[in-house]
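Scroll down for the structure; my scribbles are underneath it.
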Amino acid sequence: MDTVSNTLERWLTGPRTGSLPAPSALPVPKLSFEFFPPKNERLEADLWACIRRLEPLAPRFVSVTYGAGGSTRSRTHDTVARLVRETALTPAAHLTCVGATRDEVDEVAREYWAAGVRHVVALRGDPPAGAERYEPHPGGYAQAEDLVRGLRRIGDFDISVGAYPETHPAANCADTDLDYLKRKIDAGANRAITQYFFDTDVYLRFLDRCLAAGIAVPIVPGIMPVGNFTSVKRFSAMCGASVPGWMEKLFEGLENDASTRGMVAATVAAEQVRILQANGVDEFHFYTLNKPDLTYAVAHILGARPAVTAA
Ligand SMILES: Cc1cc2nc3c(=O)[nH]c(=O)nc-3n(C[C@H](O)[C@H](O)[C@H](O)COP(=O)(O)OP(=O)(O)OC[C@H]3O[C@@H](n4cnc5c(N)ncnc54)[C@H](O)[C@@H]3O)c2cc1C
């Protein structure tokens, strides 16, 4: 009884916090979806089922990753080319500097331009498997900043670059990392897409720091709906994304319960995007991992609906 009356009293006399705005009160945000190129026919079928399910949500663009060390060069190209040929979607091709000369990278970019691809996600790339540190290829682009400049010489691409709200793991410090982000923008990038993060404050504080540094392009939050907590945790340790303790607690005991895990994952991602939306964020990039359901549900919560096509 005490507990109830204390709670009531607090509710009646304490500060009132507003609820999150109803999505219907806000414009539908701009969405983009990221896929990876498939390794075999079965995965290819999964990818295309994923693309077809998300396509009606009319994303602003969909991007296709480039395997570590350029290992998926032709698969990335084939997937992007098929997106151009068979869908109304705007594809963005990821491209990295690793393991290739400038001429080779330029050649890939020219092939994209010739295939009608106008958006490139320009990245430095990670060191190849087994290498401890990143070493630029002799005669290659050293950093993403150089790649952005190279792309600008080839065509009038829409260029996205990566950004790290929790600082790139190889950076000396957060301020130099931010300087390098600014240099990529000054070199001609149109937007940055962030590494995924789970703590919304981390991203909002990063936005403040970007603004203070004079960065004026959109910093699109990368959202990772967590289908498999164990593997996301392992991957996060490598890419420098922190996994808050509360999340660990939420997924505890669900290792063999995919259906509850999916519901929890949707709730976590929905809460994250709704808080960001309530803070004025109106663009989201989803790391789909070629699985559509969580992304579809979260996009729906954000207000996205399938576009109705004329009969
Ligand atoms: C949205 C997104 C998509 C991604 N897609 C892919 C993909 O498809 N394929 C893939 O292999 N990887 C991908 N990655 C991972 C990315 O390649 C790695 O995080 C890589 O280590 C850094 O790439 P970057 O373009 O952000 O690098 P950069 O911006 O070049 O920075 C990398 C590091 O070098 C430092 N640095 C930057 N410029 C300089 C300079 N001039 N001198 C000295 N140090 C410098 C930075 O502080 C940072 O620590 C993606 C990352 C993101 C955020």
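Note that the coordinates shown come from a computational prediction; the quantities given were computed from them, not determined experimentally. Counting starts at 1 for both ligands and their atoms, in listed order.
- With sequence neighbours excluded, no residue forms a side chain to side chain contact (heavy atoms under 4.5 Å, CB included) with Thr267.
- Residue pairs meeting the salt bridge (charged side-chain N to carboxylate O under 4.0 Å, His left out) criterion with at least one partner in residues 231-243, sequence neighbours excluded, are Lys233-Glu248.
- Between Glu252 and Lys249 there is a salt bridge, since at least one side-chain N of the basic residue sits less than 4.0 Å from a carboxylate O of the acidic one.
- Asp46 has a carboxylate O that lies under 4.0 Å from a charged side-chain N of Arg42, or vice versa, which qualifies the two as a salt bridge.
- Listed by first then second residue, pairs satisfying side-chain hydrogen bond (donor to acceptor under 3.5 Å, both in side chains) with a partner in residues 106-118 read Asp106-Tyr141, not counting sequence neighbours.
- A heavy-atom cutoff of 4.0 Å around ligand 1 is satisfied by the protein residues Thr65, Tyr66, His94, Thr96, Leu123, Arg124, Gly125, Asp126, Gln143, Ala144, Glu145, Gly162, Tyr164, His168, Ala170, Ala171, Asp177, Tyr180, Arg183, Lys184, Ile193, Gln195, Tyr287.
- Without hydrogens or angle criteria, Glu166 side chain to Ser242 main chain gives a donor-acceptor distance under 3.5 Å.
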